[in-house]
Amino acid sequence: AQAASSSFGGGGATGGRAASEATVVLVMHPVSESGAAGMPAQPTTSLPVLDSSAELVAHNGMALQALPEELRADRGVVLAAVRQDGRAFRFACEALRGDREVALESVKRHPEAIRFAGDVLRADRDFAVEAAALNVQTLDFLCDELRSDPAVIAAA
């Protein structure tokens, strides 16, 4: 039989690692040559060893939602998450939802993510032009004023 365990944060199986690190450990128990109860003797897949939260969200951006607030406020972790899955943007801290680069990275992959951008960005014409140029579907999620703005339409 085999078991996988993961630990996040500064205690438990991580042995006091910093809160921004995560480790995935694959534990193998001996089985017969042919495997026990019809199971193969060796694992059929391997799990990556992830040394940081940024690596974790780079494999699964939506894992950002399960990380502690201080990691959802870490720009590197959030950028890695939204580059993997733009929908993860909704789980970023408020300050990073107002970060132009982070917001645009998320919109590239998921146009609806613009709904979670900070109020200042959502009202910014230049931001709307950039977002529309990256993903025309972003227009569907802009306010009426920006959706009908000739510069925004031209960028799309």
Side-chain angles (χ1 to χ4, degrees), residues 1-29 43-147 149 151-153 155-156:
Q2 50 191 334
S5 67
S6 65
S7 178
F8 302 97
T14 63
R17 290 182 181 221
S20 66
E21 296 182 0
T23 303
V24 175
V25 178
L26 181 61
V27 178
M28 297 294 298
H29 296 283
T44 56
T45 60
S46 62
L47 298 173
V49 175
L50 305 174
D51 292 324
S52 72
S53 296
E55 286 183 45
L56 172 68
V57 297
H59 289 282
N60 177 2
M62 293 300 283
L64 184 64
Q65 69 185 310
L67 295 180
E69 184 64 32
E70 64 268 14
L71 293 175
R72 290 185 280 135
D74 182 300
R75 192 169 191 273
V77 171
V78 172
L79 274 171
V82 301
R83 285 179 177 144
Q84 197 283 321
D85 189 332
R87 297 174 303 163
F89 185 53
R90 73 185 325 163
F91 304 111
C93 72
E94 187 175 337
L96 289 176
R97 289 195 316 262
D99 182 299
R100 182 182 218 91
E101 180 186 2
V102 174
L104 290 172
E105 282 292 330
S106 66
V107 166
K108 280 182 193 176
R109 286 147 186 87
H110 193 72
E112 191 174 353
I114 201 167
R115 292 182 24 219
F116 301 102
D119 293 339
V120 172
L121 277 182
R122 284 198 328 266
D124 183 318
R125 180 178 186 244
D126 292 335
F127 173 73
V129 167
E130 286 182 72
L134 289 172
N135 193 326
V136 68
Q137 293 176 323
T138 302
L139 291 174
D140 294 339
F141 306 103
L142 293 173
C143 67
D144 291 338
E145 179 183 337
L146 290 174
R147 193 176 338 181
D149 185 291
V152 175
I153 293 170

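Side chains are part of it too, since the values below use all heavy atoms of this structure and drop only hydrogens, waters and symmetry mates.
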Could you tell me the separation between the OG atom of Ser106 and the CD atom of Glu112, rounded to the nearest 0.5 Å? 11.5 Å
Any chance you could measure Leu104, atom CG, to Ile114, atom CD1, to the nearest 0.5 Å? 8.0 Å
Show your working on side chain to side chain contact (heavy atoms under 4.5 Å, CB included) between Gln84 and His59 and close with a plain yes or no. CA-CA 7 Å; Gln84 197 283 321; His59 289 282; over 6 Å; no
CG/Asn135 to CZ/Arg109 distance, rounded to the nearest 0.5 angstrom? 10.5 Å
Any sub-3.5 Å donor-acceptor pair from Arg90's side-chain atoms to Phe116's backbone N or O? no
In Å and rounded to the nearest 0.5 Å, what is the CG to CZ distance from Leu146 to Phe141? 15.0 Å
Minimal non-hydrogen separation, Val152 against Ala132, with atom names: O-CB, 3.8 Å
Using a strict threshold of under 4.0 Å (side-chain N to carboxylate O), is an ion pair present between Arg100 and Glu130? yes
Closest non-hydrogen contact found for Val102 with Phe89 is CG1-CE1, 3.7 Å
So how far is it from Phe91 CZ to Leu71 CG, rounded to the nearest 0.5 Å? 15.0 Å
Looking only at atom types and distance, does a side-chain atom of Arg147 sit under 3.5 Å from a main-chain N or O of Leu142, one as donor and one as acceptor? yes
Residues Ala156 and Val136: closest non-hydrogen pair is CB-CG2, 3.5 Å
Taking all non-hydrogen atoms of both residues into account, name the closest pair between Leu67 and Ser53 and its distance. CD1-CB, 4.0 Å
Do side-chain atoms of Arg72 reach the backbone of Cys93 as a donor and acceptor pair under 3.5 angstrom? no
Looking at every non-hydrogen atom in both residues, tell me the closest pair between Ala103 and Leu121 and how far apart they are. CB-CD1, 3.8 Å
Would you call Arg75 and Glu101 a salt bridge, taking side-chain N to carboxylate O under 4.0 Å as the test? yes
Quick check: closest heavy atoms across Val78 and Ala92, and the distance to 0.1 Å? CG1-CB, 3.7 Å
Glu94 atom CD, neighbour heavy-atom count above 12 within 6.0 Å: no
NE2/His110 to CZ/Arg87 distance, rounded to the nearest 0.5 angstrom? 6.5 Å
